[in-house]
Amino acid sequence: MEEQFDLIVVGAGSAGAVIAARASEDPRRSVLLVEAGPDYPDTAQTPFDLVNSHNNSYTDHDWGHSYQPTALGRSVPFPRGRVTGGSSAVNTTIALRGMPEDYDGWAAAGNPEWAWEKVLPAFKRLERDLDFGDRPYHGDAGPISIRRYAWDELTPVHQAWLEASDALGYPRCEDANDPDSWGSGPHPMNKVGRLRISTAIGYLSAARARPNLRIMAGTHTRRVVFEGTRAVGVEVERDGQVETIRGRAIVLSAGAIQSPAILMRSGAGPRAELERHGIEVLRDLPAVGTRLSDHPALAVVCRARDASLLDADQPIVQTILRYTAPGSEYRNDLQIEAFSFSPRGGPLTHFAVAAVLEQVHGTGTLRLASADPHASPVIEQHFCEDERDRSRLVGCLRDTLAFIRTEPLAGLIAEQTFPDPRRALSDESLGDLCLRLSASGFHPCATVPMGPDGAVDQYGRVHGLEGLMVADASIMPTVTRANTNLTSIMIGEMVGEWARTRGSKLYGL
Ligand SMILES: Cc1cc2nc3c(=O)[nH]c(=O)nc-3n(C[C@H](O)[C@H](O)[C@H](O)COP(=O)(O)OP(=O)(O)OC[C@H]3O[C@@H](n4cnc5c(N)ncnc54)[C@H](O)[C@@H]3O)c2cc1C
């Protein structure tokens, strides 16, 4: 292709779609958004699995990755959206911000642009909070609509769970995105009725009409093309043909699994890892793939007394408890979350309540399986090997067990099926369960971490290379104390705004 774009964004997910939409607000800048999956130009043409926010879409628009959660566990599927909107188009639509201290921690680690007071305007800009838009820490005019279920919209499981929470003495929290809040209440969610407000719907629907924005779907990026140490384009595969598209600046927004993989295939990553696969080393970046950060979770599973209360067409998640482990220095480092039903194949009979560790010390790894541009990376999380993580998840699991023994939730339960109630549940045996069976909340990040000792600087620019940025969940230095979609969109807002307003100085646009 002869044409050269000012900016090429690889991956139209939570961050990439936002960057392309924001950067193309300047009509003088040509922007190409490259996406491996399909693109649906409007909601009428969008398939039901993407529209239906009541449950995740796991197969129809998925990459088919797998991962090893714990050293003792089995390898299991690791879903990631493969479509415009990325994982925001297939996810549960929980729209939770991290704690202010998460972002201040990133700033303290050498990334001052990401302090809470600096990212708050981006969080406000991205949202239209339909319940609390008038509060100083919320926005009411952004592309992503957010609301919370009212009491009479909650399924019986969520109503009973909330009342059990009251009985256990946790305070009610009407807005989990209030930066000072904790307690239990309805989840903020980026859905309107059943419709999932992905970044494809929130951002691209309006931006796609711009003549200076081109969305190229069905196009798999194999690697970044360099002249010396300057990125000059991307090598892509489209309709079975390999071609190079030139750009003055390239942003990788392919997500925490694929951005590090593309980077390594392009010659930027840990030297030994690249050499193992015969990839010429352009830049030794030891932090790529070596600090994977994610939320380990383990659910208590119950058989319902009255299976007719369980309905797979109802929202699977509606409520949340955010709270702090005893003695922890990390506010809201734990979450407990009920699931309206637990799909096990066949008729629905069970529901679940999950314990989730939100602030983690342990890290995992992401490595290339081969230099083949279609090979999924090898992902090992090593959840709960760090004693500080394991002990807090054990405590959270105990608190979760207290929920299912408390009325009115207890009254909905015929029997607890996991963990096996006949076995003694000592801290040690619960710790063993965490080491064997904890699994990802699907929030991988920090695989291309920002920071002076990371792989990119605070503007997303890859250390030691020119014209190449990374901007998506992979640049978070550590996982936030919250589900990661809203923070990924915020990252898109920050980098998109920098591209629009300071693009020539920061990115050579
Ligand atoms: C099933 C599921 C449920 C989740 N639930 C929630 C939730 O309720 N709330 C929450 O906050 N978070 C949730 N998450 C996590 C959240 O959605 C992600 O953290 C967030 O979407 C990550 O954004 P991203 O921009 O980094 O990556 P993505 O949104 O995954 O975007 C990456 C994009 O790049 C494209 N891409 C990848 N490789 C290539 C390539 N080689 N060439 C071209 N294109 C490529 C992908 O197809 C995709 O469109 C969930 C995730 C999943 C999978």
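As the structure lists them, so they are numbered: ligands from 1, and atoms in each ligand from 1. Remember, predicted model here, so these are calculated numbers, not experimental data.
Residue-level proximity to ligand 1 for Ser253 is carried by the backbone, the only part with a heavy atom below 4.0 angstrom. Residue contacts with ligand 1, taken as heavy atom pairs separated by less than 4.0 Å, do not involve Arg222 at all. Within the 4.0 Å heavy-atom criterion, neither part of Thr84 lies near ligand 1.
For ligand 1, the atoms closer than 4.0 angstrom to any heavy atom of Gly81 are 46 (C), 47 (O), 48 (C), 49 (O). Taking every heavy atom of Ile262 and a limit of under 4.0 angstrom, the matching atoms of ligand 1 come to 41 (N). Close contacts between ligand 1 and His220 involve ligand atoms 41 (N), 42 (N) [criterion: under 4.0 Å to a heavy atom]. Under a 4.0 Å criterion applied to the non-hydrogen atoms of Ser88, ligand 1 contributes the atoms 21 (O). Residue Thr219 has at least one heavy-atom neighbour below 4.0 Å for each of these atoms of ligand 1: 42 (N), 43 (C). The ligand atoms of ligand 1 that sit less than 4.0 angstrom from a heavy atom of Gln258 are 37 (C), 38 (N). Distances below 4.0 Å separate heavy atoms of His443 from the following atoms of ligand 1: 12 (N), 13 (C), 14 (N), 15 (C).
A donor and an acceptor atom, one from each side chain of Thr480 and Asp102, are nowhere located under 3.5 Å apart. Side-chain contact, His138 with Glu127: a donor N or O sits under 3.5 Å from an acceptor N or O. Side-chain contact, Asp178 with Tyr137: a donor N or O sits under 3.5 Å from an acceptor N or O. Between the side chains of Ser259 and Asp472, at least one donor N or O sits under 3.5 Å from an acceptor N or O. Of the N and O atoms on the side chains of His382 and Gln68, not one donor lies less than 3.5 Å from an acceptor on the other residue. In summary, the side chains of His374 and Glu237 do present a donor paired with an acceptor at a separation below 3.5 Å, with no hydrogens or angles considered. For the residue pair Asp372 and Ser370, no side-chain donor N or O sits within less than 3.5 Å of a side-chain acceptor on the partner.
Residues His463 and Asp457 are in side-chain contact: their nearest non-hydrogen atoms beyond the backbone lie under 4.5 Å apart. Proximity of Ile279 to Leu368: side-chain heavy atoms (C-beta onward) are separated by under 4.5 Å at one or more points. In this structure, the side chains of Ser438 and Leu393 come closer than 4.5 Å at one or more pairs of heavy atoms. Val10 places a side-chain heavy atom less than 4.5 Å from the side chain of Val234.
Compare Gly98, Pro79, Gly255, Ser440 by their heavy atoms: the one nearest to atom 27 (O) of ligand 1 is in Gly255. Closest to atom 44 (N) of ligand 1 by heavy atom, among Ala200, Ala36, Ser198, is Ala36. For the residues Asn485, Asn55, Thr92, the heavy atom positioned nearest atom 11 (O) of ligand 1 is part of Asn485.
Of the protein's heavy atoms, Phe442 O, 3.3 Å lies nearest to atom 15 (C) of ligand 1. Of all protein heavy atoms, the one closest to atom 17 (O) of ligand 1 is Asn91 ND2, 3.1 Å. Closest to atom 20 (C) of ligand 1, if we only count protein heavy atoms, is Ser14 OG, 3.4 Å. Regarding atom 41 (N) of ligand 1, its nearest protein heavy-atom neighbour is Thr221 O, 3.1 Å. The single protein non-hydrogen atom nearest to atom 8 (O) of ligand 1 is Ile94 N, 2.9 Å, given as residue, atom name and distance. When only non-hydrogen protein atoms are considered, atom 22 (C) of ligand 1 lies nearest to Ser488 OG, 3.5 Å. Among all protein heavy atoms, the one lying closest to atom 26 (O) of ligand 1 is Ala473 N, 2.9 Å. Among protein heavy atoms, atom 28 (P) of ligand 1 sits closest to Ser87 N, 3.6 Å.
A centroid separation of less than 6.0 Å is found between the aromatic rings of Tyr40 and His61. The ring of Phe403 has its center closer than 6.0 angstrom to the ring center of Trp161.
Smallest separation of non-hydrogen atoms from Ala355 and Cys396: CB-SG, 3.5 Å. Across all non-hydrogen atoms, the minimal contact from Glu35 to Arg82 is OE2-C, 3.9 Å.
Considering backbone and side-chain atoms alike, Tyr58 places every N or O at 3.5 Å or more from each N or O of ligand 1. For ligand 1, none of its N or O atoms has an N or O atom of Val10 under 3.5 Å away. By the 3.5 Å distance cut-off applied to N or O atoms, Arg82 is not counted among the residues near ligand 1. Below 3.5 Å of separation, one finds an N or O of Trp63 facing an N or O of ligand 1. Remark: ligand 1 and Ala15 share an N or O pair separated by less than 3.5 Å (distance only, no angle test). At under 3.5 Å, not a single nitrogen or oxygen of Asp472, backbone or side chain, sits near a nitrogen or oxygen of ligand 1. The shortest N or O to N or O distance between Glu35 and ligand 1 is under 3.5 Å. Residue Thr93 has at least one nitrogen or oxygen atom sitting less than 3.5 Å from a nitrogen or oxygen atom of ligand 1, judged on distance alone.
No side-chain donor-acceptor contact under 3.5 Å links Asp6 to the backbone of Leu509.
Residue Val83 places a heavy atom under 4.0 Å from ligand 1. Contact between Ile491 and ligand 1 is absent, with no heavy atom of the residue lying under 4.0 Å from the ligand.
Of the charged side-chain nitrogens involved, at least one lies within less than 4.0 Å of a carboxylate oxygen, so that Asp175 and Arg148 count as a salt-bridged pair.
For the side-chain contact (heavy atoms from CB on, under 4.5 Å) test with Val18, the passing option among Leu126, Ile489, Val9 is Ile489; the others fail.
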